[in-house]
Asker: 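Sharing a structure, written as structure tokens. Questions coming.
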Amino acid sequence: IWGAFRQNLQTLESSPRARRKILMQVAGQGMCRNCMFSIKDQLSLARLGLGERVSVRHLQAPAEQSDRFLLRLWSSIVAWDLLHQLAAYHRPFEREPGQVDRVYESYCTTLEQLLARPTRTGLRGARQLGGDARDLLGLVEQAGQRFAELARPTPPSAEARTVFLSGDIYVRADALASDSLVQRLNERGLHVIVEPVSLFAEYLAHEGMDELIRFPRGARGAMMRGLMRQIRSVLYRRVTGQHPWLPLPELAPVLSASSQLVQRFPLGETSVTVGSVLHHWHTHRCDGVITVSPWGCGPALAAEGLLAHQH
């Protein structure tokens with residue numbers, strides 16, 4: 001991640017009119033211990049002479065979030081997962097450079113506009129909730145149809161290969177942090193199935209962790225997790241009919257697969273990475289696997305060490 005950010009900083013060094021940059025860190029509760037990554041980045045910025053021009057800030061889950069906000073957030077995460085996944089799989093089908101990215105960015109813009117609508121309360125808020133849900137379902141269904149149209153003129157090839165991309169959530173889901181790894185794989189003719197962000201979010205809710213999102217616990221938490229699974233299933237069903245290659249991100253089989261190698265504690269992304277790789281490999285969803293992670297990340301090192309011995 002730091003290498004990608006340092007590359008981006010070259011624009012700041014070469015342009016005196018460039019705006020001040022922000023390096024956003026995550027305040028970990030068990031996975032990124034003692035803020036050592038933050039300290040290391042601040043030392044690196046000072047050594048580069050950029051300490052006065054780059055701010056280091058920390059992202060932390062708010063103390064309390066309403067159920068309505070959490071469900072809205074969850075729905076948007078699942079919808080973006082679908083858009084990102086459709087693009088990662090379909091770039092090898094495009095007939096001209098940038099065709100898939102233009103479609104992807106168009107639907108991402110529509111999703112952002114949907115999320116930017118001011119929320120209302122009372123009866124008007126209930127009507128708005130129903131309208132937003134219909135619009136979101138329509139968006140993912142239209143996106144599924146559009147990407148299917150992109151692939152339709154291309155005859156199936158026995159030589160086509162699919163790669164499953166897993167690993168750290170902050171690297172695999174971000175083009176800057178991964179140095180556009182998904183696009184680089186697509187350029188080589190590989191279809192990429194990306195482990196969705198929603199899978200790790202569901203794991204956080206399942207274990208009651210406050211790493212990124214503060215989900216409720218107890219009976220309210222159980223009800224929330226049930227609604228999350230229902231929303232995920234409904235959104236995926238709007239797409240999988242035209243894209244049977246698309247796996248449904250279910251947490252239970254992933255944790256079952258990881259239990260062969262990893263105990264439940266200590267909590268962290270190791271269980272999700274190991275279980276997700278084993279599950280997708282054993283269900284014949286891919287021809288190969290890539291795991292990505294920040295340098296020195298503990299859960300990632302544990303996952304890589306365990307998976308290296310699997311054949």
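Heavy atoms only: backbone and side chains are in, while hydrogens, waters and symmetry mates are out.
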Asker: Please round to the nearest 0.5 Å and tell me the distance separating atom CG of Leu246 and atom CZ of Phe147.
Answerer: 12.0 Å
Asker: May I ask you to test the Ile193-Val163 pair for a side-chain heavy-atom distance under 4.5 Å?
Answerer: no
Asker: Please tell me whether Val289 and Leu301 are part of a single hydrophobic cluster in this structure, the criterion being side-chain heavy atoms less than 4.5 Å apart.
Answerer: no
Asker: I'd like to know whether Val171 forms a side chain to side chain contact (heavy atoms under 4.5 Å, CB included) with Ser293, so could you lay out the CA-CA distance, the side-chain angles of the two residues, the decisive distance to 0.1 Å, and finally the verdict.
Answerer: CA-CA 6 Å; Val171 180; Ser293 61; 5.5 Å; no
Asker: Are Glu202 and Arg225 ion-paired here, with the side-chain N under 4.0 Å from a carboxylate O?
Answerer: no
Asker: So Gln310 and Val274, side chain to side chain contact (heavy atoms under 4.5 Å, CB included) or not? Walk me through it.
Answerer: CA-CA 10 Å; Gln310 302 305 304; Val274 170; over 6 Å; no
Asker: Is there a path of hydrophobic side-chain contacts, each under 4.5 Å between heavy atoms of I/L/V/M/F/W/Y residues, joining Phe69 to Leu227?
Answerer: yes
Asker: Between His191 (side chain) and Tyr89 (backbone), is there a donor-acceptor pair under 3.5 Å?
Answerer: yes
Asker: How close do Asn186 and Ala87 get, counting heavy atoms only, and between which atoms?
Answerer: OD1-O, 4.2 Å
Asker: Please report the shortest heavy-atom distance between Asp174 and Ala177, naming the atom on each side.
Answerer: OD2-N, 2.8 Å
Asker: What I want to find out is whether Arg117 reaches Asp135 closely enough, with some N-O distance under 4.0 Å, to be called a salt bridge.
Answerer: yes
Asker: Would you call Arg95-Glu149 a salt bridge at under 4.0 Å N-O?
Answerer: no
Asker: Could you tell me whether Trp281 and Phe164 have their ring centroids closer than 6.0 angstrom?
Answerer: no
Asker: Does this structure show an ion pair linking Arg91 with Glu187, if we count only N-O contacts that are shorter than 4.0 Å?
Answerer: no
Asker: Should Thr240 and Leu248 count as side-chain neighbours, where that means a heavy-atom distance under 4.5 Å?
Answerer: no
Asker: Would you say the side chain of Ser276 lies within less than 4.5 Å of the side chain of Leu199, judging by non-hydrogen atoms?
Answerer: yes
Asker: If you measure from CZ on Arg217 to CD on Glu207, what distance do you get to the nearest 0.5 Å?
Answerer: 10.5 Å
Asker: Just verifying a value: how many Å separate Leu111 CG and Leu139 CG, rounded to the nearest 0.5 Å?
Answerer: 6.0 Å
Asker: Answer whether the closest heavy-atom distance between the side chains of Asp67 and Pro216 falls below 4.5 Å.
Answerer: yes
Asker: State whether the side chain of Arg172 and the backbone N or O of Glu195 hold a donor-acceptor pair below 3.5 Å, judged by distance alone.
Answerer: yes
Asker: Could you see if Val254 belongs to whatever hydrophobic cluster contains Phe265? Use Ile, Leu, Val, Met, Phe, Trp, Tyr and a side-chain cutoff under 4.5 Å.
Answerer: yes
Asker: Measuring from Thr162:OG1 to Trp245:CH2, what's the distance to the nearest 0.5 Å?
Answerer: 8.5 Å
Asker: Roughly how far, to the nearest 0.5 Å, is the CZ atom of Arg264 from the OG atom of Ser271?
Answerer: 9.5 Å
Asker: Is the number of heavy atoms from other residues, nucleotides or ligands within 6.0 Å of NE2 (His284) greater than 12?
Answerer: no
Asker: Of all the heavy-atom pairs spanning Arg285 and Pro244, show the shortest one and how long it is.
Answerer: NH1-O, 3.5 Å
Asker: Around atom CZ of Arg102, are there more than 12 heavy atoms from other residues, nucleotides or ligands closer than 6.0 Å?
Answerer: yes
Asker: I'd like to know if the side chain of Arg232 reaches the main chain of Val78, judged simply by a donor and an acceptor atom lying under 3.5 Å from each other, with no hydrogens or angles considered.
Answerer: no
Asker: Near Gln230 CD, under 6.0 Å, is it more than 12 heavy atoms from other residues, nucleotides or ligands?
Answerer: no
Asker: Quick one: closest heavy-atom pair of Asp287 and Ala160, and the distance?
Answerer: OD2-O, 4.2 Å
Asker: Measuring from His84:NE2 to Ile77:CD1, what's the distance to the nearest 0.5 Å?
Answerer: 14.0 Å
Asker: So which of Arg146, Arg237, Arg238 actually passes salt bridge (charged side-chain N to carboxylate O under 4.0 Å, His left out) with Glu141?
Answerer: Arg238
Asker: Show, in sequence, the C-alpha distance, side-chain angles and deciding distance for Tyr203 and Leu255, and conclude whether the side chain to side chain contact (heavy atoms under 4.5 Å, CB included) test is met.
Answerer: CA-CA 9 Å; Tyr203 172 75; Leu255 294 182; 4.1 Å; yes
Asker: Let me see the working for Met224 and Met228 under side chain to side chain contact (heavy atoms under 4.5 Å, CB included), right down to the final yes or no.
Answerer: CA-CA 6 Å; Met224 176 65 66; Met228 289 166 61; 3.9 Å; yes
Asker: Locate the shortest heavy-atom distance separating Ala201 from Trp74; write the atom from each residue and the value.
Answerer: CB-CZ3, 3.8 Å
Asker: Any side-chain heavy atom of Val103 sitting closer than 4.5 Å to one from Leu150?
Answerer: yes
Asker: Short question: side chain of Arg184, backbone of Asp179 - any donor-acceptor pair under 3.5 Å?
Answerer: yes
Asker: For this output row, return yes or no: ring centroids of Phe93 and His90 closer than 6.0 angstrom.
Answerer: yes
Asker: What's the shortest heavy-atom distance between Ala175 and Gln183, and which atoms?
Answerer: CB-NE2, 4.4 Å
Asker: Could you work out, with side chain to side chain donor-acceptor pair (under 3.5 Å) as the rule, every residue matching Ser198, not counting sequence neighbours?
Answerer: Asp81
Asker: Quick check against the 3.5 Å criterion: does Ser256 have a side-chain atom that pairs as donor or acceptor with the backbone of Pro253?
Answerer: no
Asker: For Leu114, is there any backbone N or O sitting under 3.5 Å from a side-chain donor or acceptor partner on Asp132?
Answerer: no
Asker: Are the side chains of Ser258 and Val272 in touch, meaning some heavy atoms are under 4.5 Å apart?
Answerer: no
Asker: Please check this pair: side chain of Glu94 against backbone of Val100, looking for a donor-acceptor N/O pair closer than 3.5 Å.
Answerer: yes
Asker: Look only at the side chain of Gln85 and the backbone of Val192, and say whether a donor-acceptor pair between them is shorter than 3.5 Å.
Answerer: yes
Asker: When you measure from the side chain of Asp168 to the backbone N and O of Tyr170, does any donor-acceptor pair fall under 3.5 Å?
Answerer: yes
Asker: Is Thr270 reaching over with its side chain to a backbone N or O of Pro299, donor-acceptor style, under 3.5 angstrom?
Answerer: yes
Asker: Do Ile231 and Ser75 make a side-chain contact, defined as non-hydrogen atoms from C-beta onward lying under 4.5 Å apart?
Answerer: yes
